[in-house]
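Read the structure below first, then the notes.
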Amino acid sequence: MSNFSSQLRLSSSLLKHLKHQINATSSTTSASAAAMMFERRSFTTTEGSRPTIVHKRSIDILHDPWFNKGTAFSMTERDRLDLRGLLPPTVMSSQQQIERFMVDLKRLEVQARDGPSDPNALAKWRILNRLHDRNETMYYKVLIENIEEYAPIVYTPTVGLVCQNYSGLFRRPRGMYFSAEDRGEMMSMVYNWPADQVDMIVVTDGSRILGLGDLGVQGIGITIGKLDLYVAAAGINPQRVLPVMIDVGTNNERLLKDPLYLGLQEHRLDGEEYISVVDEFMEAVFTRWPHVIVQFEDFQSKWAFNLLQRYRNTYRMFNDDVQGTAGVAIAGLLGAVRAQGKPMIDFPKQKIVVAGAGSAGIGVVNAARKTMARMLGNTESAFESASSQFWVVDANGLITEERTNIDPQALPFARKAKEVGHQGLREGASLVEVVQQIKPDVLLGLSAVGGLFSKEVLEALKGSTSTRPAIFAMSNPTKNAECTPEEAFSVLGDQLIFASGSPFNDVKFDGVIGHCNQGNNMYLFPGIGLGTLLSGSRIISDGMLQAAAECLAAYMKDDEVLKGIIYPSISSIRDITKEVAAAVVKEAIEEDLAEGYRDMDARELKKLDMEEIKTYVKNNMWEPRYPTLVYRKE
């Protein structure tokens, strides 16, 4: 969007002023005509509506994916940009280009495979990536119009396979790489990036990519995939996003010995050395782009919490694994309460067994406890009552206060030994034992252990005291899901509420449909980022994250929820993101954190009602349209 930064914008405050003028002159203008005029003006969008100045032409334009239109260049543009004769003579519309591309995509899917071990999903990724390299506008138009089909290709689960093979798939650089060898140089390095304005950075150190472990520098694939969804779902301009890899080495022995590995072939930095590298990176990017938002992605647990606490009150940043996963899980948990025919205020009564005590698992439990406590009055006793609703099980079994070397993040949820004794449990009790004795309403999986919810565990859940027990098999990618929907519904029947992190098909049995809900972070993180950007909030507060989760929970209609559908269709992702972003903006205003964006300052933001906030959000979402290009010599 750096090329659109000078465009005139019709702010919502001005719209209100125009509406007031219309009402004031109603004696000479009919009310219906006035309403039509306001409606027409209030939905005018300025993104891409004015020409873009470019400083290159001829073959250089065709090789620049930011500005290349391929056969869609008009004849006047071809003359203006010295392109006549460099393209076939027929001018195609963007829709014709997409139709042509889709025909090729379907034909090439199998041909693009590198032998029988290369699945079709990876073949699709290769073809889409080549389009991304040639023509960004068309790439995002294809992605947005086919988001349900291609989100699993550019994001989970296929992105996990991409990261595992990234050194072999690498063709051209995308994003920036800051390594341990760049210490002392990062402040100058950031100026190597060509965009004068960056709105969104997704950064990883590659230490815990999805549930696949340490993939080192190859983890940059996840940051590229996340930013694709920021563009497709939130309308962040692709010229203002930046994927980043912080390469501090790898502890993956296979990569350390791989002669084709593209990253530093040395063991990971740790301790203060590690922190100093991340500190330098954060200082550098916020020095050049003071208003950028940084999303931390797939950092191993010990650093995920540490870095979040270190930076969250100083910089505009959040950790999607800790906070985004938690928000999506909270929305699903509240949806599960609604699916039982109960009001969301009954959430504090739910008994929840959690499998997994890493950054995602503890992040979800923390957020769920805060939600329960807020519903109970936010008192000390409310937090104690909320804490008693969780039983956390890790690789060593049930976590109690008798556990030695307990993770500080898990300590608040360690059960008292005397208490679990009365429940027929003990320190280290197995997941099956815990489910049998507690009879939970919800079984929540964030363990990254595929198949953890065995038939024995599922049989134990049949003893749940809930009329509609819920299973959340949230680990990614697909092979790490704690169970499949087929396994769950075959044991527990059609009254089960089922959600997973990766996509699965609905299950049909005995004439009924068991709905598989994808509780994917993509429902929230684009809206959190967009809402923070448009509010101009100085930080991303717990309240803003809570507002996002509650907005998602309320998005589904009652009749859908009662059928067991607790998450919306991914095909609605742009509308979902608009609603979530508006909720985040509103919360930032109410917490007095908002400082405004572009021509909408904090004072004007405060004057907007919720519908005007939604219009403001919608008007600032980038659309993949070819702008008119005008050449100007630098």
Side-chain angles (χ1 to χ4, degrees), residues 1-4 7 45-113 120 123-151 153-154 169 171-174 194-195 224 227-228 231-232 235-241 574 621-634:
M1 285 189 317
S2 59
N3 298 289
F4 302 115
Q7 294 174 12
T45 180
T46 57
E47 282 291 351
S49 61
R50 299 192 68 187
T52 296
I53 305 299
V54 294
H55 303 297
K56 57 180 68 176
R57 55 187 172 184
S58 189
I59 202 74
D60 292 334
I61 279 281
L62 298 179
H63 290 167
D64 189 331
W66 281 2
F67 304 117
N68 180 31
K69 303 182 188 180
T71 55
F73 279 109
S74 68
M75 296 311 294
T76 54
E77 281 184 314
R78 296 183 190 202
D79 287 335
R80 232 181 7 250
L81 300 170
D82 294 346
L83 292 172
R84 190 179 283 268
L86 299 182
L87 292 163
T90 299
V91 176
M92 304 187 82
S93 69
S94 60
Q95 195 57 44
Q96 285 175 311
Q97 285 184 311
I98 288 177
E99 290 170 3
R100 180 170 162 266
F101 173 77
M102 295 300 288
V103 169
D104 282 345
L105 177 61
K106 299 303 179 186
R107 179 173 55 82
L108 291 172
E109 276 177 16
V110 175
Q111 295 179 17
R113 295 173 64 181
N120 280 336
K124 287 183 182 180
W125 181 89
R126 291 172 187 272
I127 299 166
L128 287 168
N129 191 55
R130 290 168 194 162
L131 177 61
H132 198 177
D133 287 342
R134 296 193 308 271
N135 184 332
E136 282 211 339
T137 303
M138 185 175 166
Y139 171 77
Y140 287 113
K141 193 168 181 65
V142 168
L143 182 56
I144 290 169
E145 292 184 3
N146 303 274
I147 190 67
E148 201 158 13
E149 180 178 0
Y150 292 143
I153 303 300
V154 302
L169 293 170
R171 293 295 178 270
R172 58 175 288 171
R174 190 180 302 282
I224 295 168
L227 286 168
D228 278 347
V231 176
I236 304 293
N237 191 295
Q239 295 183 25
R240 291 187 179 182
V241 302
R574 279 181 80 93
M621 293 174 74
W622 178 84
E623 298 277 355
R625 300 192 189 102
Y626 289 131
T628 300
L629 300 182
V630 177
Y631 173 74
R632 180 179 296 166
K633 193 173 183 179
E634 283 189 284

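In what follows, residues are counted from 1 in the order of the sequence shown. Keep in mind it's a predicted model, so treat the numbers as computed, not measured.
Listed by chain and number, the residues in a salt bridge (charged side-chain N to carboxylate O under 4.0 Å, His left out) with D79 are R84 (sequence neighbours excluded). Taking R57 as the reference, D82 meet the salt bridge (charged side-chain N to carboxylate O under 4.0 Å, His left out) condition, with sequence neighbours excluded. For S58, the side chain to side chain donor-acceptor pair (under 3.5 Å) test picks out no residue, with sequence neighbours left out. In this structure R80 satisfies the side chain to side chain donor-acceptor pair (under 3.5 Å) test with no other residue, sequence neighbours excluded. A search for side chain to side chain donor-acceptor pair (under 3.5 Å) contacts involving N135 returns Y626, not counting sequence neighbours. Contacts of E77 classified as side chain to side chain donor-acceptor pair (under 3.5 Å), with partners at least two apart in sequence or in another chain: K69.
Scanning all heavy atoms of the two residues, the minimum distance from A195 to Q239 falls at CB-O, 3.5 Å. Smallest separation of non-hydrogen atoms from P51 and V630: CB-CG2, 3.8 Å. Across all non-hydrogen atoms, the minimal contact from K56 to I61 is O-CG1, 3.3 Å. Closest non-hydrogen pair, A72 versus V91, comes out as O-CG1, 4.2 Å. Closest approach of M102 to V142, counting heavy atoms only: SD-CG1, 4.2 Å. Annotation for F73 and L629: closest pair CE2-CD1, 3.8 Å, computed over non-hydrogen atoms.
A salt bridge is absent between R171 and D133: the closest approach of a Lys/Arg side-chain nitrogen to an acidic carboxylate oxygen does not fall below 4.0 angstrom.
With values rounded to the nearest 0.5 angstrom, E634 atom CD is found 12.0 Å from I53 atom CD1. Between R172 atom CZ and H132 atom NE2 the span is 9.0 Å, to the nearest 0.5 Å. For the atom pair CG of N237 and CH2 of W66, the computed distance is 8.5 Å after rounding to the nearest 0.5 Å. Atom CG in L87 sits 5.0 Å away from atom CG in L62 (nearest 0.5 Å). The distance from atom CG of L105 to atom OH of Y150, rounded to the nearest 0.5 Å, is 4.0 Å. L81 contributes atom CG, which lies 9.0 Å from atom OG1 of T76 (distance to the nearest 0.5 angstrom).
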### Query
Please walk me through it: do R574 and E623 pass side-chain contact (heavy atoms from CB on, under 4.5 Å)?
CA-CA 11 Å; R574 279 181 80 93; E623 298 277 355; 3.5 Å; yes

### Query
For Y139 and L128, what are the C-alpha separation, side-chain angles and deciding distance, and is it a side-chain contact (heavy atoms from CB on, under 4.5 Å)?
CA-CA 7 Å; Y139 171 77; L128 287 168; 4.0 Å; yes

### Message
Is there a side-chain contact (heavy atoms from CB on, under 4.5 Å) between V231 and L143? Walk through the geometry before answering.
### Response
CA-CA 10 Å; V231 176; L143 182 56; over 6 Å; no

### Task
Given side-chain contact (heavy atoms from CB on, under 4.5 Å), test Q96 with T71 step by step and report yes or no.
CA-CA 10 Å; Q96 285 175 311; T71 55; over 6 Å; no

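No donor-acceptor distance shorter than 3.5 angstrom exists from the side chain of D64 to the backbone of D60, with no hydrogens or angles considered. Judged by distance alone, the side chain of H55 and the main-chain N or O of Y631 form no donor-acceptor pair under 3.5 Å.
For the residue pair Y140/D228, the side-chain donor-acceptor check at 3.5 Å is satisfied.
Considering only heavy atoms from C-beta on, Q95 comes within 4.5 Å of E145 through its side chain.
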